[in-house]
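Below is one structure, written out as C-alpha cells; comments come after it.
Numbering of residues begins at 1 and proceeds along the displayed sequence. Atoms within each ligand, like the ligands themselves, are counted from 1 in listed order.
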Amino acid sequence: MNAKEEIDRLTNELKVYQDKYYKEGISLVPDSEYDRLSDRLSMLEKEHPELMHPDSPTLRVGSDLTNDFPEVRHTIPVLSLDKAYSDEAVLDFFSRSIEKEGGMLSFAAEEKIDGISMVLYYEKGILVRAVTRGNGEIGNDVTANVMTIRSVPLKLAEPVDIAVRGEVFLHKADFERLNAAENDEAKRAANPRNLTAGAIRRQKSSEARLVPMDIFCYEGFWSDRQETPLDHITILSTLKRLGFNINPHLAFFAETKEEAGRKLRGAGLEGDAYAFREIDSYIKKKTSERSSLPYEIDGLVFKINELDVRDRLGYTEHHPRWAIAYKFESPQAEARLLGITVQVGRTGRITPVAEISPTKLGGSTIRRATLHNQEYINELELAIGDTVSISKRGDVIPAVESVIDKNEDGNTTYKLPATCPCCGTEIVQVGGLQYCPNYRCPDQVKGRISYFASSDQMDIDTLGPKTVAIFYDAGLLRNIEDIYTADFSAASGLPGIGDKTISILQNGIKESLGRPFSTVLSSLGVAEIGKKGAEMLISGGFDTIDKLIDASGKGDTAPFVSIAGIGETTAENIIKAFRSPELLCTIEALRAAGLHLAAEKDVDEVAEQIFAGEVWCITGSFKAFNPRSKALKEIEKRGGRTVSSVTSRTTHLLAGEGGGSKRADAERLGVKIVGEDEFLSMIGSKGHDVPDDGGQLLLF
Ligand code: IVH
C-alpha cells in the first residue's frame, strides 16, 4: 500500500470511529488501538503534508505548537444586537418593522446563547479560518482551537464559500465537572462563558481539546449572493444540511399561528409556531425553561425572516436593524439599606448612592447601588434600614429595584440634603434632577480634571480620580489647565506619589499635547459634547475653538442646529458653555500650553485607514518621530487608537530605543511588538523625506 492509499484508508477508518463515538457514545475499537491508528496517520501526514485531508481526524486532536492568534479582518459585518427588556418592546419591534415595510413579515425567535461569538469561514466547503468577534472588524484567528470542537464541521456537504456566525459554548454539566476537577481555586472559572473564552485562547490546541466545547450556528453569509436563501429559516435548514449544528429550540412568529406553522414546515424545520400577539406567553415559557436548559442563555433573539427586508433595513454602526435581543430580567438579590451617600459629579449633578449590606449577585459581591435621584427614592418610599431588592440592570450597574420590607427603626423616606455635601452650596432643582450650582465645588473640579485626563479623553496616564484628589488637596491642581503648568516634581512624597509616578505623569502630559482637536474638545466636558458630538461639530464646520466661541457669543442656536444630530437643547448648552468666563479662561490657558484647538486639515486626512480597529501604545525614543507624539499622530491618522499603557486591549506596541516596562507587559500579554523600521514600512515612509522637529529634512 502506498502512502496515499494508507492515509486515505486511515482517515476514513478514524472518521467512522470518531463519528460513532461523538454522536452515539459508542467505541468501536479500544482507545489504545484508536491512538495507534491516529499516531500512524499523524506521522504519515507529517511526511506527506500534500496528501493530508483538509478534514483529517487528526485536526480534532489538537497540537502542541504554540498558537499566536494573528489578527484578521472580517469579510462580513460582525455586529452586536439592539436590546429590549420587555415583551412590549419586542412587540413594538415587530410592529415598527411591519409598518416600515408596509407589508406582512414573519420573525424567527432563537435562544441567545451566552457563549463566545465566532465566525467560521469556509472556502469550497473547507474550514479555512475561525475568527473571534474582536472589535467587529478585526478578530483573532483561533482556527486550531476551534477545529477541536467536534460540532464544527471541517468539511461541508457542498463545496460552498460561506461565512457562518455561531456561538461557542460549554454545557453546564461539563463546566461543573471541569471546575470541580480544578484544584487551584484561583483558576476556577466564574461561569461556563469564562471557561469557554479561556479555552478558545489556549496556547496549545491539544489543551483546548480538553474543554468539550460545542457550537450553535445562527447566521450564514454566502459569498455568492445568488446562493443565499430568501429567508432566515431556509438559511437555518441549509446550514443544517451543510453539516452545521443548529439550535433545535426554534420558534417562529407570524400574523397567525397557522401561517407560522406552515412556513416552518415549508422550510423543513421543527419549531414552535406563534401568532404575534402570543409574544408574552412565549417569553414567559422561555423564562421558566431557562434554568433547566443544559446550557446558559441570557436572552432571546428575534429576527426578521425575509432577507430582502433585511437588506432594505440594513445596519447601524452597532447592530442590524432587522433583529433585536430580548434580555432576561437580570438576577435579583435581597439586601439591607445601611445608608445613603451623596455624590457630586463633574457637572454638579447630585446622585444618591445606596450603601447596602454586602450581597452576592451575578458572580460578584455588591456593596453599593445607584438610586438615581430624589424622585426615584420617593417612588420607592425608601428609608434607611429597609430591606430592598437589588438587580444588575443590563448586567452591569447594580440598582435598588424595590422595598421588600420596611425598617422597624421608625425611619421615614430619605430626603437629600438641602446643601451640597461637598461645598455647602444650596442644591438647585433642574427638571427632576438635583445640582450643586457652584462651578468651583471641589468635587466638581476633581471630576472635571479626572474626566479630562481619563483614558477615553486626553488619556493621561496615572491621573486617575485618586491621584487627582491628592493633587487637588495639595493645591497643585485646581483647574484643568493646571495640568500643563503645575510643578509636579514638588509632589514627590505625597501619599502614594513616587518619582516613577511623576515621571510617567510628565510623559503622559507631554504626549497629551499631541491629541487632536476633537479629543481636546470632547475632554472639556461640555454637556452633551462627547466624542461623537465633537466630531459632529467639527465636520459641521466648527473646526476651530474660535469659531465655536464666536458663534456662541452671538447667542443664536441656528448655526448649531443646522448640523445633523444637534438639537435645540444641545445648542443652548454649547452656547452657555462657550460664553462662560470659566471655560473661556481654561481654553486660553490650554491655548498657551500648546494644545490643538483647531482641526488639522492636511493631506493625511485621506490616509488609508490601515490601523482601523487597532489599539497602539508606544515606548522608547525614535529617530523619525521627535517628539514621540508624531508617531501617535501617524497611527491616529490611519484610524488607530492610541493609549498610554499596555493592557489586554492593546493590539500593538511601537517600540523604539530604550523604553521601560511596556515591552515586558506587551510580551506577557502577547501584544504585537513593532520596531521603528517595520512601522515606517507599514506607513509607507521608507525612502521618503520626513521633516524632524526643527523643520530640517531627515533622509531614510
Ligand atoms: S444574531 C447580525 N443570534 O449575542 C447577527 N446572536 O449580544 C447578530 N448571540 O454577538 C447576531 N445567540 O455573539 C444572534 N441566536 C443568536 C445568538 C446571538 C447568541 C450572541 C452573538 C452576538 C451577541 C449580541
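Looking only at atom types and distance, the side chain of Glu110 has a donor-acceptor partner in the side chain of His232 under 3.5 Å away.
A salt bridge between Arg310 and Glu219 is present, with a side-chain N of the basic residue lying under 4.0 Å from a carboxylate O of the acidic one. Between Arg241 and Glu158 there is a salt bridge, since a side-chain N of the basic residue sits under 4.0 Å from a carboxylate O of the acidic one. Using a cutoff of 4.0 Å between basic side-chain nitrogens and carboxylate oxygens, Asp161 and Lys124 are not scored as salt-bridged.
By the 3.5 Å distance cut-off applied to N or O atoms, Lys112 is counted among the residues near ligand 1. The shortest N or O to N or O distance between Glu111 and ligand 1 is below 3.5 Å.
Judged by the shortest distance from any of its heavy atoms, Lys83 lies outside the 4.0 Å radius around the atoms of ligand 1. Using 4.0 Å as the threshold, Ala325 has no heavy atom nearer than that to any atom of ligand 1. Using a 4.0 Å heavy-atom cutoff, Ala323 is absent from the residues neighbouring ligand 1.
When ring centroids are compared, Phe328 and Tyr85 stay outside the 6.0 Å threshold.
When the heavy atoms of Tyr315, Tyr218, Trp322 are ranked by distance to atom 16 (C) of ligand 1, first place goes to Tyr218. When the heavy atoms of Glu219, Lys303, Met118, Arg133 are ranked by distance to atom 3 (N) of ligand 1, first place goes to Lys303.
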